[in-house]
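See structure below.
Numbers here are sequence positions counted from 1.
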Amino acid sequence: MHAGILLLELGAVILGLGVLGALALRGGISPIPLYLIAGLAFGTGGILPLATSEEFIEVGAELGVIMLLLTLGLEYNADELVTSLRGNLRGGLVDLVLNAAPGAIAALLLGWGPVAALAMAGVTYATSSGITAKVLSDLGWIGNRETPVVLSLLVFEDLTMALYLPILTAMLAGVSLVSGAVTVAIALATVSVVLVFALRYGRLIERFVASPNSEVLLLKVVGLALLVAGIAQQLQVSAAVGAFLVGIALSGELAHEARTLLEPLRDLFAAVFFVFFGLQTDPAAILPVAGLAAGLAVISMITKLLTGAYAARRAGIAKAGRARAGIALIPRGEFNIVIAGLAVAAGVHPDLGPLAAAYVLILAAFGPLAAKMVQPLITAIARRT
């Protein structure tokens with residue numbers, strides 16, 4: 001009976017996600033807000049709480065984080081990350097300061113403490129690479145002059161996350177100052193070693209993983225990502241960062257083929273991850289923080305617009321392109337929920353999860369819509385300049 005109920009619940013959840021994804025496609029929005037709402041509906045305090053499948057979904061959620069970061073890493077290679085860091089350091093630092101500050105300041109003003117401030121800084125900082133890529137594609141902005149600027153900022157954010165997540169993980173663990181410093185040093189050393197190895201010996205990894213058979217290639221890539229993620233977790237580095245670094249180590253045609261094979265798995269488990277985050281959040285807890293989430297969202301829209309405009313201006317791009325660059329950076333999604341999920345699991349503050357959920361709901365839904373709504377205005381600006 002227990003197995004039957006488990007299959008029933010899982011089937012209903014996954015089928016429901018498929019229906020929500022179809023609705024999102026029809027409406028031209030990201031499905032992430034709908035997945036979060038589904039989790040809220042089936043979690044504690046929701047309309048119909050799940051009886052037996054939550055533990056299974058939790059494991060699927062962990063796989064979702066790993067798949068998200070693995071496929072994100074496959075978008076870049078180690079050389080691109082280093083080049084991006086050198087060429088866009090100033091724009092990346094402006095992005096970091098302007099967009100991490102609102103979350104950190106809000107947490108400190110609310111009296112949540114420095115650990116919550118660090119977590120909230122990450123929640124408001126990172127742009128959703130997946131949603132932004134979809135916006136650029138859907139609106140035909142891929143070939144625009146400002147698009148490389150947007151992508152370089154996303155790469156800088158990804159690299160920053162690779163350094164930020166180990167530090168956050170150590171602080172969430174509540175270790176002492178000395179132990180925390182040692183943990184962070186080990187974590188950063190691990191990230192550095194993997195990046196250097198990827199730069200110098202990436203071809204050896206590619207030879208090991210490569211296979212003319214798609215099934216064998218899929219098994220090798222997923223197995224290597226899970227293995228490295230597990231090792232990273234043992235070294236107090238986020239498992240997600242471990243998977244991200246595996247993706248970076250692979251490049252060229254092999255990375256493209258692996259990404260194509262992994263996309264269905266990523267989409268399935270990523271959807272489960274967003275549902276699981278919603279399951280952990282009581283819908284009744286969102287209403288008290290809805291105003292704060294809306295305020296943070298408005299501030300974040302402004303700071304991302306300023307970030308995009310600054311970086312695009314440095315690249316010699318006209319006003320219309322600067323506006324497009326800023327708008328493309330507005331959406332939040334994967335990384336933000338990953339960070340909030342780590343903080344919620346560590347019990348940092350009971351309001352952090354609801355606040356992050358409401359914040360991501362607003363920006364994941366409004367970001368693509370804002371881009372579509374202002375497209376005519378941007379076109380008008382372009383004609384006048």
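- Nearest approach of A107 to A117, heavy atoms of both residues: CB-CA, 3.5 Å.
- Follow the hydrophobic side-chain contacts under 4.5 Å out from L306 and you reach V298 in the same cluster.
- Looking at every heavy atom in both residues, K220 comes nearest to F208 through NZ-O, 2.8 Å.
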- Task: Apply side-chain contact (heavy atoms from CB on, under 4.5 Å) to R332 and V123, showing your working.
- Result: CA-CA 8 Å; R332 305 299 202 276; V123 169; over 6 Å; no
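- Shortest non-hydrogen contact noted between V149 and A312 is CG1-N, 3.9 Å.
- Rounding to the nearest 0.5 Å gives a distance of 12.5 Å between CZ of R322 and CZ of R314.
- Between E263 and T71, the closest side-chain pair of non-hydrogen atoms is not below 4.5 Å.
- With N336 contributing its side chain and A356 its backbone, the two residues share no donor-acceptor pair below 3.5 Å.
- To the nearest 0.5 Å, atom CG of residue L261 and atom CZ of residue R266 are 12.5 Å apart.
- Counting heavy atoms from C-beta outward, W112 and V348 have side chains that stay 4.5 Å or more apart.
- With hydrogens and angles ignored, the 3.5 Å screen pairs a side-chain donor or acceptor of N213 with a backbone N or O of E215.
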- Query: Would V272 and L63 satisfy side-chain contact (heavy atoms from CB on, under 4.5 Å), going step by step from the backbone distance to the final call?
  - Reply: CA-CA 9 Å; V272 171; L63 290 174; over 6 Å; no
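- Between L17 and A271 the shortest heavy-atom distance is CD1-CB, 3.9 Å.
- If you chain together hydrophobic residues whose side chains sit under 4.5 Å apart, I362 and I302 never meet in one group.
- In this structure the side chain of V221 never reaches within 4.5 angstrom of the side chain of L254, judged on heavy atoms.
- Two different hydrophobic clusters hold L287 and V344 under the rule that ILVMFWY side chains link at heavy-atom gaps under 4.5 Å.
- A 4.5 Å side-chain heavy-atom check between L292 and Y359 finds every atom pair outside the cut-off.
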- Message: Let's go through V150 and N144 carefully: what are the C-alpha distance in whole Å and the side-chain angles of both, what is the deciding distance for side-chain contact (heavy atoms from CB on, under 4.5 Å) to 0.1 Å, and is it a yes or a no?
- Response: CA-CA 10 Å; V150 173; N144 292 350; over 6 Å; no
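- Counting side-chain heavy-atom gaps under 4.5 Å among Ile, Leu, Val, Met, Phe, Trp and Tyr, L108 is found in no cluster with other residues.
- Atom OG1 of T303 and atom CD1 of I330 lie 9.0 Å apart (nearest 0.5 Å).
- One finds the CG atom of L329 at 6.0 Å from the CG atom of L154 (value rounded to the nearest 0.5 Å).
- Linking ILVMFWY side-chain heavy atoms closer than 4.5 Å, directly or via other members, places Y125 and L109 in two distinct hydrophobic clusters.
- For D95, the side-chain hydrogen bond (donor to acceptor under 3.5 Å, both in side chains) partners two or more places apart in sequence, or in a different chain, are N99, K304.
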- Derivation of the side-chain contact (heavy atoms from CB on, under 4.5 Å) call for L227 and V246: CA-CA 10 Å; L227 181 65; V246 169; over 6 Å; no
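- Nearest heavy atom pair, residue A119 against residue I339, reads O-CG2, 3.4 Å.
- I299 CD1 to L98 CG: the interatomic distance, rounded to the nearest 0.5 Å, is 12.0 Å.
- Distance CE/M120 to CG/L296: 5.5 Å, rounded to 0.5 Å.
- In terms of heavy atoms, A225 sits closest to L70 at CB-CD2, 3.7 Å.
- Tracing side-chain contacts under 4.5 Å through hydrophobic residues (I, L, V, M, F, W, Y), one never reaches L168 starting from I105; they form parts of separate clusters.
- Counting heavy atoms from C-beta outward, L153 and T127 have side chains that stay 4.5 Å or more apart.
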